[in-house]
Amino acid sequence: EVATILSNLGVNYHQQRLLKEATEAYRRSLELHRATGDKAGIGRNLINLGVSAMEQGDYRPALELFQEATRIQQEIGNKSHLALCFQNQGVVFLGLGCYDQGLAASGRALTLYEELGQRYYLCQALYNQGCLLLALNDLAPARSSLSKALELAAEIDVPSLAAPALLRL
């Protein structure tokens, strides 16, 4: 299906850091999914577009995309993608300096990742929570969150997740 091919093309561009091309591929895929009413496809592409916007520093549009994706993920019951929406919102709120809102979103992501047993993403969410707490100068909870992220990264043997947490401790 063309919409899926375009979305995969967007992912490929994204991996190459060609964010404008990725954004265009995701946008075109989103249009096709909207035309067919494929809510799962719409939700995925909204997340992808939000990540592209976030990585380009366009935090407000990214937040709107993640919020729309959140509504769709809740509607279709995709808890994994819902957790991802909350996690990304937490990162966007960090970028916007809205730390309390970021912590709330991050907390929702943590709860869902724990419920789903998704340890890799749980590790990322713990790291993000630690960064938000550091921004609030809440040092003891920040250290706890970052230490948990570091421990979990070691348990699941993903050094790329351990390094950022270690650097913040």
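Heavy atoms from other residues, nucleotides or ligands lying under 6.0 Å from CZ of R119 number more than 12.
Under the side chain to side chain contact (heavy atoms under 4.5 Å, CB included) test applied with F66, the options N88, V91, L46 reduce to a single match, N88. Here the options are L126, L134, L150, D138, the test is side chain to side chain contact (heavy atoms under 4.5 Å, CB included), and the partner is S145; only L126 passes.
Every residue two or more places apart in sequence or in another chain was checked for a side chain to side chain donor-acceptor pair (under 3.5 Å) with R60, and none qualifies. Q118 meets the side chain to side chain donor-acceptor pair (under 3.5 Å) test with S80; sequence neighbours excluded.
The shortest non-hydrogen separation linking S106 to L132 is CB-CD1, 4.0 Å. Between Q89 and T70, the shortest heavy-atom distance links the atoms NE2-OG1, 2.7 Å. In terms of heavy atoms, A69 sits closest to C85 at CB-SG, 3.6 Å. When every heavy atom of V92 is checked against every heavy atom of M54, the shortest pair comes out as CG2-SD, 3.6 Å. Shortest non-hydrogen contact noted between A3 and S29 is O-OG, 2.7 Å. G10 and A22 make their closest contact through O-CB, 3.3 Å (heavy atoms, listed as atom of the first residue, atom of the second, distance).
Residues Y127 and C131 are in side-chain contact: their nearest non-hydrogen atoms beyond the backbone lie under 4.5 Å apart.
Ring planes of H14 and Y26: tilted class, angle from 30 to 60°.
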- Before giving the answer on side chain to side chain contact (heavy atoms under 4.5 Å, CB included), spell out for L84 and Y113 the whole-Å C-alpha distance, their side-chain angles and the decisive distance to 0.1 Å. CA-CA 9 Å; L84 184 58; Y113 287 139; 3.9 Å; yes

- Applying side-chain hydrogen bond (donor to acceptor under 3.5 Å, both in side chains), run through E24 and Y13 and close with a yes or a no. CA-CA 10 Å; E24 180 58 22; Y13 282 138; over 6 Å; no

- Task: Go through the steps to decide whether D100 and L136 satisfy the test side chain to side chain contact (heavy atoms under 4.5 Å, CB included), and finish with yes or no.
- Result: CA-CA 8 Å; D100 289 329; L136 285 167; 3.7 Å; yes

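With hydrogens and angles ignored, the 3.5 Å screen pairs a side-chain donor or acceptor of N78 with a backbone N or O of H81. Formation of a donor-acceptor pair under 3.5 Å by the Q56 side chain with backbone atoms of S52 is found in this model. Not one N or O on the side chain of S144 forms a donor-acceptor pair closer than 3.5 Å with the backbone of A140.
The NZ atom of K148 lies 9.0 Å from the CG atom of L110; values are rounded to the nearest 0.5 Å. Atom CG of L30 sits about 6.0 Å away from atom CG of L49, to the nearest 0.5 Å. For the atom pair CZ (R27) and CG (N48), the distance works out to 14.5 Å, reported to the nearest 0.5 Å. The CG atom of L96 lies 8.5 Å from the CD atom of Q101; values are rounded to the nearest 0.5 Å. Taken to the nearest 0.5 Å, the CD atom of E68 stands 7.0 Å off from the CG atom of L65. Rounded to the nearest 0.5 angstrom, L122 CG and Q87 CD are separated by 9.0 Å.
L82 and I76 end up in different hydrophobic clusters when Ile, Leu, Val, Met, Phe, Trp and Tyr side chains are linked at under 4.5 Å. By the rule that hydrophobic residues join a cluster once side-chain heavy atoms approach within less than 4.5 Å of another member, F93 and L103 end up as members of separate clusters. Hydrophobic cluster membership is shared by V11 and I42, with clusters built from Ile, Leu, Val, Met, Phe, Trp and Tyr side chains linked at under 4.5 angstrom. There is a path of hydrophobic side-chain contacts, each under 4.5 Å, that joins I47 to Y120. Cluster annotation: L63 and V51 are assigned to the same hydrophobic cluster (Ile/Leu/Val/Met/Phe/Trp/Tyr, side-chain heavy-atom contacts under 4.5 Å, transitive).
In this structure, a donor-acceptor pair under 3.5 Å is present between the side chains of Q16 and N12.
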